[in-house]
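Working notes for the structure below.
Just follow the structure's listing: the first ligand is 1, and inside any ligand the first atom is 1. Model, not experiment: these values are computed from the prediction.
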Amino acid sequence: MATEHLQNYIDGRWVDASTGDSFADIDPATGETIASVTKSATADVDRAVDAARRASDQWRLYPAPKRGEILYRAGELMLRRKEELAREMTKEMGKVLPEARGDVQEGIDMTYYIAGEGRRQFGDVVPAELPNKWAMSMRHPVGVVAAITPWNFPLAIPTWKIMPALVLGNAVVFKPASYTPLLAVRLVQVLEEAGLPKGVLNLVLGSGGELGDHLVTHPGVDLISFTGSSDTGSHISELAGRLLKRISCELGGKNAIVVLDDADVDLSLDGIVWSAFGTSGQRCTAASRVIAQRGVAHDLVEKLVGRAKKLKLGNGLEASTDVGPVVSAQQLERVHSFIPVAEKEGATVAAGGRVSTEGPLAKGFFHEPTVIVDVKPNMRVAQEEIFGPVTAVIEVTGIDEAIKVLNSTKYGLSCSVYTRNVNHAFRFMRDAETGLVYVNAGTIGAEIQLPFGGMKATGNGHREAGRAALDVYSEWKSIYVDYSGKLQRAQMDTVEGVKTAP
Ligand code: NDP
């Protein structure tokens, strides 16, 4: 069967890139090519930005409730195609089918939630300090948004960016990760079918680097919304910062699950296995550290090792598979490189630790679910993001040390505590330096109606999802209307008949 050819979507048309070149979209479970992908160059970015610029003026004037209606229709289409989208996602990036369904559902949830903003987008109307004067604030679209997304949530993360950008009246240039162009094309097709006018959303396929830098520095782009690695985030922040461009970054994490002596250990095990090995550890919120209090550590490690060894690696489309492949050969090599690093620093591999090459696994990119013990908080395996099915167990004496170790990395995305002690739970919620905190649940599983993002080097202070997302994709405009018919001076004029402070 001929593989599908994926094209750019510019100004309402599906077109090949100017280079005439293409690259392969590969199933990480089998190594097979599932699609050929047009390979864009900077000239294609120029076309996409030009189209978005032209469309943005009309789009910002299109009534917001009508913009919201298009999103509702897009949500309906995704819901109808949920199974198809999930299967394609598993083929394209490897996560097991139930998780791929969850990814699509998150995209649907976000789309419906944000569609409602078509009829909200509340501003403030506040009293003015002078008579016959009106004071209010309203949101104003930023203009053209560059949405640059990673491969690990190939549908959900693009919806987090594109939907709020659109409902607020921005036009978008979408640059998805090179590992997941198929899901990006599917999302754009959905929005096209839902009735989005031409030019409002444009898709450019091709690899980061030169093309990405060109998009970020393009004078026609007003805002960059980026999710990806800290290295790329800091590089493009530098480029954008020099040009005083708005930029929102969601970056890496080194998330931890803390298990205190008074915890329900079996419950914590479920949370650890799910958070450390779900999506093969390729979630920005994955639990790549377990911080265990001394009294519980031995029992916890023994059970965790047993659970990790039982997990079945395989193709995510098969119902018996617990853990799928990592996304690429390059990622596999990177993940595996942490094993000798950990051992050299004195840690011990208690489960897993190898690249899996038995039978059909040899064709894909599989890494065994791995538990590393005897880990000290300053070791690389306890500090650096691994982004694979590897977790490091650190022992501590109690809640104080647990919080200290938790906060000892440069990242601050997600964490969790397992405890039955309400005082410990509240101290943890207060003192954790992370944007997401879970109590008696794993580090993954955020819902879209609350803000999502991290503190410290996980980002640059912005949040996606929830109401907070609206602040990224709009500017506040404060408006004063003086209907007194005379010059009135705020902070200076006194009001007749009203006694003012001395
Ligand atoms: P990368 O930073 O490598 O890539 C992310 C995106 O940026 C891709 O679309 C990539 O394109 C693009 N890109 C690469 N270089 C440039 C450039 N110079 N200018 C503009 N765009 C560029 O990250 P990964 O895709 O490998 O994703 C994994 C990382 O993402 C992990 O570190 C993870 O923690 C983080 N992440 C964070 C999340 C959060 O919300 N905090 C959520 C999910 C992931 P291309 O694919 O073509 O290289």
Quiz item: Any idea which atoms of ligand 1 are less than 4.0 Å away from a heavy-atom of Thr232?
Solution: 1 (P), 2 (O), 3 (O), 13 (N), 14 (C), 15 (N), 16 (C), 17 (C), 22 (C)
Exercise. Considering heavy atoms of the protein only, find what lies nearest to atom 9 (O) of ligand 1 and give residue, atom and distance to 0.1 Å.
Key: Thr149 O, 2.8 Å
Exercise. Run the numbers for me: atoms of ligand 1, each under 4.0 Å from some heavy atom of Phe452, listed by number.
Key: 40 (O)
Quiz item: What residue and heavy atom of the protein are closest to atom 48 (O) of ligand 1, and at what distance?
Solution: Gly208 N, 3.6 Å
Quiz item: Would a line drawn from the ring center of Phe387 to the ring center of Trp151 be shorter than 6.0 Å?
Solution: yes
Quiz prompt | Sub-4.0 Å heavy-atom contact, Tyr179 with ligand 1 | solution = no
Exercise. Grab the two heavy atoms, one from Val437 and one from Ala432, that are nearest each other, plus how far apart they are.
Key: CG2-CB, 4.0 Å
Quiz item: Which heavy-atom pair separates Phe277 from Ala308 by the least distance, and what is that distance?
Solution: CE1-CB, 3.9 Å
Quiz item: What heavy-atom pair brings His336 and Arg354 nearest, and what distance separates the two atoms?
Solution: CE1-CA, 3.9 Å
Practice problem: Name the closest protein heavy atom to atom 44 (C) of ligand 1, giving the residue it belongs to and the distance to 0.1 Å. | Solution: Asn152 ND2, 3.4 Å
Quiz item: Any idea which protein heavy atom is nearest atom 42 (C) of ligand 1, and the distance to it?
Solution: Cys284 SG, 2.8 Å
Practice problem: Check whether any N or O atom of Asp213, backbone or side chain, sits under 3.5 Å from an N or O atom of ligand 1, and answer yes or no. | Solution: yes
Quiz item: Would you say Gly233 touches ligand 1, if touching means a heavy atom closer than 4.0 Å?
Solution: no
Self-check item: Salt bridge present between Asp44 and Arg47 (N-O < 4.0 angstrom)
Solution: yes
Quiz item: Below 3.5 angstrom, do we get any N/O pair linking Lys175 and ligand 1?
Solution: yes
Quiz item: Would a search of protein heavy atoms around atom 4 (O) of ligand 1 find one under 4.0 Å away?
Solution: no
Quiz item: Does the N or O separation between Trp151 and ligand 1 drop below 3.5 Å for any pair?
Solution: yes
Quiz item: Which heavy atom of the protein is the closest neighbour of atom 20 (C) of ligand 1, given with residue, atom name and distance?
Solution: Gly212 CA, 3.3 Å
Quiz item: To the nearest 0.1 Å, how far is atom 35 (C) of ligand 1 from its closest protein heavy atom, and which atom is that?
Solution: Gly228 O, 3.0 Å
Practice problem: Measure across Thr90 and Leu317 and return the closest heavy-atom pair with its distance rounded to 0.1 Å. | Solution: CG2-N, 3.6 Å
Quiz prompt | ligand 1 atoms in contact with Pro150 (distance to a heavy atom under 4.0 Å) | solution = 25 (O), 27 (O), 43 (C), 44 (C)
Quiz item: Got the closest protein heavy atom to atom 37 (C) of ligand 1, with its distance?
Solution: Leu251 O, 3.0 Å
Exercise. Report, in ascending order of atom number, the atoms of ligand 1 lying under 4.0 Å from any heavy atom of Ser229.
Key: 1 (P), 2 (O), 3 (O), 23 (O), 29 (C), 30 (O), 32 (O)
Quiz item: Looking at atom 28 (C) of ligand 1, what's its closest protein heavy atom, distance included?
Solution: Phe387 CE2, 3.5 Å
Quiz prompt | Residues, nucleotides or ligands: over 12 heavy atoms within 6.0 Å of Arg467 CZ | solution = no
Quiz item: Does Arg246 CZ have over 12 foreign heavy atoms under 6.0 Å away?
Solution: no
Exercise. For the pair Arg101 and Glu83, find out whether any cationic side-chain nitrogen is under 4.0 Å from an anionic carboxylate oxygen.
Key: yes
Practice problem: Within a distance under 4.0 Å of any heavy atom of His235, pick out the atoms of ligand 1 and give their elements. | Solution: 18 (N)
Quiz item: With atoms numbered from 1 as shown, which atoms in ligand 1 lie under 4.0 angstrom from a non-hydrogen atom of Gly206?
Solution: 47 (O)
Quiz prompt | Salt bridge Asp27-Lys91, side-chain N to carboxylate O under 4.0 Å | solution = yes
Exercise. Answer yes or no for Lys95 and Phe153: cation-pi contact, defined as NZ/CZ to six-membered ring centre under 6.0 Å and angle to ring axis within 45°.
Key: yes
Quiz item: N/O of Ile236 under 3.5 Å from N/O of ligand 1, yes or no?
Solution: no
Practice problem: Number the atoms of ligand 1 from 1 as they appear, then name those within less than 4.0 Å of a heavy atom of Ile157, with their elements. | Solution: 42 (C), 43 (C)
Practice problem: Determine, using heavy atoms of Pro176 and all atoms of ligand 1, whether some pair is separated by less than 4.0 Å. | Solution: yes
Exercise. Check each atom of ligand 1 against the heavy atoms of Ser178 and keep those under 4.0 Å away; list them by number with element.
Key: 45 (P), 46 (O), 47 (O)
Self-check item: Shortest non-hydrogen contact from Arg67 toward Leu168
Solution: NH2-C, 3.5 Å
Quiz item: If we only count N/O pairs under 3.5 Å, is Ile148 in contact with ligand 1?
Solution: no
Quiz item: So is there a nitrogen or oxygen of Glu385 less than 3.5 Å from a nitrogen or oxygen in ligand 1?
Solution: yes
Self-check item: Lys254/Glu384 salt bridge by N-O under 4.0 Å criterion
Solution: no
Quiz prompt | Side chain, backbone, both or neither: Asp231 near ligand 1, heavy atoms under 4.0 Å | solution = neither
Quiz prompt | Check ion pair Glu99-Arg283 (N to O, under 4.0 angstrom) | solution = yes
Self-check item: Glu433 and Lys456 ion-paired at < 4.0 Å
Solution: yes
Practice problem: Kindly check if the number of other-residue, nucleotide or ligand heavy atoms within 6.0 Å of CD (Glu210) is above 12? | Solution: no
